[in-house]
Amino acid sequence: MTDRPRRRRRLPKRVLRALAWVTGGVAFFSPWTVLGLSPKPAAGEATKTARASRQVIVVKKITRKVIIQDVVTAAPVSSVSSTSSGGSAAIAAPVTTTSGSTPPP
């Protein structure tokens with residue numbers, strides 16, 4: 001009655017790692033093996049009639065035409081003389097842009 005039951009001997013760490021790699025590889029490749037072993041569908045009259053009864057869908061590709069024009073140069077600068085100060089002032093034409101879009105590089 002004083003005998004203890006024998007303890008099970010543990011596997012070495014190297015053996016456990018190898019076993020884990022093998023089971024992981026089997027778990028990873030098993031879906032492809034199952035799909036590879038599955039029967040292929042029969043290629044006969046059934047597939048030809050299915051293809052003939054399919055609805056044809058026409059895809060239209062929409063393209064946009066972008067026209068880029070050169071910027072209009074500013075009007076010539078004119079000089080206005082003033083009698084009170086004796087100096088001259090230059091007046092330039094306002095600069096305009098088109099809708100914030102930039103030309104492609």
Side-chain angles (χ1 to χ4, degrees):
M1 298 287 245
T2 61
D3 293 332
R4 286 192 217 162
R6 284 186 105 178
R7 292 178 75 184
R8 283 185 64 189
R9 186 173 174 166
R10 294 178 61 183
L11 292 173
K13 192 182 288 188
R14 181 177 290 172
V15 173
L16 287 176
R17 285 185 180 158
L19 186 63
W21 273 98
V22 169
T23 55
V26 168
F28 184 74
F29 288 111
S30 62
W32 285 286
T33 55
V34 169
L35 288 175
L37 296 174
S38 65
K40 306 294 185 260
E45 292 296 322
T47 57
K48 290 180 183 177
T49 56
R51 288 182 187 166
S53 65
R54 288 183 185 171
Q55 182 181 3
V56 177
I57 299 173
V58 178
V59 178
K60 295 181 181 179
K61 188 174 182 180
I62 299 172
T63 57
R64 292 183 181 177
K65 187 175 182 179
V66 178
I67 300 173
I68 300 173
Q69 297 178 345
D70 292 333
V71 178
V72 179
T73 58
V77 178
S78 62
S79 175
V80 178
S81 62
S82 172
T83 57
S84 63
S85 64
S88 63
I91 300 172
V95 179
T96 60
T97 60
T98 58
S99 69
S101 62
T102 58

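Numbers for residues simply follow the sequence, beginning at 1.
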**Student:** Which atom pairs, one a donor and one an acceptor, fall under 3.5 Å between side chains of residues 30-37 and the rest of the protein, sequence neighbours left out?
**Tutor:**
unit_1: S30; atom_1: OG; unit_2: V26; atom_2: O; d: 3.3
unit_1: S30; atom_1: OG; unit_2: A27; atom_2: O; d: 3.3
unit_1: T33; atom_1: OG1; unit_2: F29; atom_2: O; d: 3.4
unit_1: T33; atom_1: OG1; unit_2: S30; atom_2: O; d: 2.7

**Student:** Can you tell me if NZ on K40 sees more than 12 non-hydrogen neighbours from other groups inside 6.0 Å?
**Tutor:**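 Counting neighbours around NZ of K40, more than 12 heavy atoms of other residues, nucleotides or ligands fall under 6.0 Å, so yes.
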**Student:** Given a cutoff of under 4.5 Å between side-chain heavy atoms of I, L, V, M, F, W and Y, with clusters grown through shared members, what are the other residues clustered with V58?
**Tutor:**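 So far as hydrophobic clustering goes, V58 is joined with none.
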